[in-house]
Number of protein chains: 2
Amino acid sequence: MSDQTTCRRDARPRRLILAGAHRQPGYCLTCGIRAQSVCSVIDDDDIARLAETAVETLVLPGRSFIEEGAAATDFYNITSGSVKLFKALPDGRRQITGFATTGHFLGLAVSDQYAFGAEAIDTVRLCRFSRPRMRQLMDDFPRLERRLLAEASNELVAAQNQMLLLGRKTARERVASFLLERMREAQDPAEDVPLPMTRSDMADYLGLTIETVSRTLSWMRTERLVAIGKGHTVRIIAMERLQTLAAGDAA
Amino acid sequence: MSDQTTCRRDARPRRLILAGAHRQPGYCLTCGIRAQSVCSVIDDDDIARLAETAVETLVLPGRSFIEEGAAATDFYNITSGSVKLFKALPDGRRQITGFATTGHFLGLAVSDQYAFGAEAIDTVRLCRFSRPRMRQLMDDFPRLERRLLAEASNELVAAQNQMLLLGRKTARERVASFLLERMREAQDPAEDVPLPMTRSDMADYLGLTIETVSRTLSWMRTERLVAIGKGHTVRIIAMERLQTLAAGDAA
DNA sequence: CGCCAGATTGAGTGACCTCAAAATCGGTGG
DNA sequence: CCACCGATTTTGAGGTCACTCAATCTGGCG
């Protein structure tokens with residue numbers, strides 16, 4: 001099998017130990033993305049507890065900050081940028097299980113090992129919480145646990161959709177589904193879809209090769225379904241036809 | 001695409017509304033599978049609350065009791081038998097997202113619609129809880145919520161493994177992974193693996209066709225990796241070689 | 001301008017799918 | 001016990017969609 005996907009920018013992505021520091025009690029009060037993250041369940045009165053627990057960290061593009069199989073010591077909350085989550089086989093085949101962006105919470109694991117790796121796509125800023133501290137927070141704020149359950153349930157639904165895609169959809173249907181998902185995920189609700197990830201990442205997410213992704217996008221361009229813009233964006237032209245394709249209604 | 005998989009025993013599986021009745025307060029005290037289910041987080045003192053909420057239901061083989069897209073009104077806890085969970089495309093293509101057996105909890109959904117369907121493989125006995133009552137129980141017993149979060153996290157890990165399988169593994173690797181998973185899942189830890197589901201279900205779970213599943217099992221038999229027994233069982237002969245294959249170490 | 005990683009395009013192959021037929025299993029009734 | 005029937009499974013033959021290998025093109029950057 002091809003190992004194109006293993007030829008990464010860094011042959012062995014090293015873990016970034018960028019220390020960062022615990023924040024001042026008022027830190028989380030001014031956090032711009034608090035409203036859209038799990039942190040929103042903690043009131044202003046108690047937010048100092050959270051701020052003391054959080055460690056802000058910067059991760060450079062291409063750097064990995066969770067290693068599959070490593071001891072699961074921390075939880076992460078992404079405050080800016082986007083990351084890819086993945087699993088790998090011994091021979092280098094990779095499956096990206098999801099992309100996470102601003103506001104996403106990472107690191108849920110019952111086991112004491114991470115079940116997946118995580119790598120920054122662009123420059124990523126995140127808040128790190130140690131497991132014991134997080135556990136303490138969950139004990140003290142049941143709403144936090146409820147929110148995490150909701151978060152996990154949503155991810156489970158997304159995972160089931162992805163299984164349907166990987167198991168039963170054609171290449172064209174996969175790419176169409178992907179573009180629509182990226183559109184929904186984008187903060188700005190325009191029809192210009194940002195695709196910060198490489199073709200290789202798209203392929204590893206969709207269970208395809210980079211060539212097939214590229215060919216399929218070219219086909220969509222000639223079919224006037226999309227226009228491929230400069231700088232990692234795609235403009236959706238024929239929304240309805242793309243939706244029909246993604247839903248698997250037409251061959 | 002083939003619609004072999006849509007030719008079910010029942011062309012249109014009807015929802016089974018087998019009423020069942022609320023249980024006596026002492027009912028859950030004697031439940032044999034309480035220890036291995038979410039119900040274990042509720043003490044003997046409070047178990048009457050749970051018993052009053054539960055409605056025991058019987059589902060016959062091949063009958064569906066959760067319909068994809070239907071209003072999510074209930075949670076379910078399986079007390080015996082096994083069920084398949086699945087998603088479908090408009091043209092009949094199906095992806096089984098998982099199998100659930102004794103002790104499993106079903107119905108987590110943030111949305112008000114079920115994201116998947118569920119159908120009994122053999123005769124299934126289950127406890128049904130209405131969402132409002134379940135919500136009340138979660139309010140009263142935070143340990144229940146914690147347990148559900150743990151359950152959801154485990155399912156998330158399983159889903160990620162399945163995405164790796166569907167996206168990147170070969171047919172042989174998929175079937176090997178499946179047999180080992182079924183072995184781990186079996187209560188009786190022998191090397192005789194029970195496979196209550198049909199080839200069609202296996203195919204829809206592994207993202208293959210029934211022919212490929214059948215051919216792959218035949219290949220494993222001639223390679224002396226397994227022996228195919230009567231009555232939906234497979235005996236694993238070469239455990240280590242099968243594990244190597246499932247892990248994707250060898251081609 | 002030259003370099004290089006990433007992306008596109010082309011040609012040929014192969015793993016799995018499709019269609020079709022034969023074999024086996026499980027249940028039923030004589 | 002055995003013959004029969006439908007459903008499921010297995011096996012066979014051929015086709016195809018996505019993969020592999022390889023060459024070319026593009027864009028960002030020193």
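Only a predicted model underlies this, so the values are computations on that prediction, with no experimental measurement involved. Chain letters run A, B, ... following the sequence lines, proteins first and then strands; every chain starts at 1. Heavy atoms only: backbone and side chains are in, while hydrogens, waters and symmetry mates are out.
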TODO: Could you tell me whether the side chain of Q162(B) reaches within less than 4.5 Å of the side chain of T97(B), counting heavy atoms only?
DONE: no
TODO: Mind calculating the distance between CG (D204(A)) and C1' (dG6(C)) to the nearest angstrom?
DONE: 14 Å
- [ ] Report the residues that fulfil side-chain hydrogen bond (donor to acceptor under 3.5 Å, both in side chains) with T216(A), sequence neighbours left out, ordered by chain and then residue number.
- [x] none
Task: I228(B) CD1 to dA23(C) C1', straight-line distance once rounded to whole Å - done: 14 Å
Task: Separation of dA15(C) C1' from L206(B) CG (nearest whole Å) - done: 16 Å
TODO: Can you label the angle between the Y76(B) ring and the F65(B) ring as parallel, tilted or perpendicular, going by 30° and 60°?
DONE: perpendicular
Task: Results of salt bridge (charged side-chain N to carboxylate O under 4.0 Å, His left out) for E68(A) - residues two or more places apart only - done: K87(A)
Open item on the list: One pair to check against side-chain contact (heavy atoms from CB on, under 4.5 Å): F178(B) and L195(B). What are the steps and the verdict?
Closed with: CA-CA 10 Å; F178(B) 177 70; L195(B) 301 175; 3.8 Å; yes
Open item on the list: Can you tell me which nucleotide in dA7(C), dA18(D), dG10(C) comes closest to the side chain of A171(A)?
Closed with: dA18(D)
Task: Phosphate OP1/OP2 of dC19(D): any T209(A) side-chain N/O under 4.0 Å - done: yes
TODO: Not counting sequence neighbours, which residues clear side-chain hydrogen bond (donor to acceptor under 3.5 Å, both in side chains) with R235(B)? List them please.
DONE: D192(B)
TODO: Round to a whole Å and report the spacing from CD of E211(B) to C1' of dT16(D).
DONE: 15 Å
Show me the protein contacts with nucleotides 2-7 of chain D, counting only N or O atoms at under 3.5 Å.
none

Open item on the list: Angle between the two end axes of the helix from dC1(C)-dG30(D) to dG30(C)-dC1(D), five base pairs per end, rounded to 10 degrees?
Closed with: 30°
Task: Salt bridge present between E223(A) and R172(A) (N-O < 4.0 angstrom) - done: no
Open item on the list: Among dA18(D), dT9(C), dA7(C), which nucleotide has an atom closest to any side-chain atom of R199(A)?
Closed with: dA7(C)
Task: Length of the CG-P vector between D91(B) and dT18(C), whole Å - done: 11 Å
Open item on the list: E155(B): which residues meet the salt bridge (charged side-chain N to carboxylate O under 4.0 Å, His left out) condition with it, sequence neighbours left out?
Closed with: none
TODO: List for me each residue that meets side-chain contact (heavy atoms from CB on, under 4.5 Å) alongside A158(A), sequence neighbours excluded, and say none if there are none.
DONE: none
Task: Interatomic distance where CZ belongs to R168(B) and C1' belongs to dA18(D) [whole Å] - done: 11 Å
- [ ] I would like to know whether V55(B) and D74(B) meet side-chain contact (heavy atoms from CB on, under 4.5 Å); could you show each step before the answer?
- [x] CA-CA 10 Å; V55(B) 178; D74(B) 298 289; over 6 Å; no
Task: I210(B) CD1 - dA23(C) P separation (whole Å) - done: 18 Å
Task: Between P of dC17(C) and CG of L208(B), the distance in whole Å - done: 5 Å
Open item on the list: According to side-chain contact (heavy atoms from CB on, under 4.5 Å), who are the partners of R125(A), at least two apart in sequence or on a separate chain?
Closed with: E56(A), L58(A), T79(A), S80(A)
Find every protein N or O atom lying less than 3.5 Å from an N or O atom of nucleotides 24-30 of chain D, and list the pairs.
residue, atom, partner, partner atom, Å
dG27(D), OP1, K230(A), NZ, 2.9

Task: Pairwise side-chain hydrogen bond (donor to acceptor under 3.5 Å, both in side chains) hits with a residue in residues 175-186 of chain A, at least two apart - done: K169(A)-S177(A), E181(A)-Y205(A)
Open item on the list: Under a 3.5 Å distance rule, please check whether R168(B) uses its side chain to pair with a backbone N or O of R93(A) as donor and acceptor.
Closed with: no
Task: Interface with DNA chain C, restricted to residues 212-223 of chain B and to heavy atoms under 4.0 Å - done: T212(B), R215(B)
TODO: Not counting sequence neighbours, which residues clear side-chain hydrogen bond (donor to acceptor under 3.5 Å, both in side chains) with S82(A)? List them please.
DONE: D122(A)
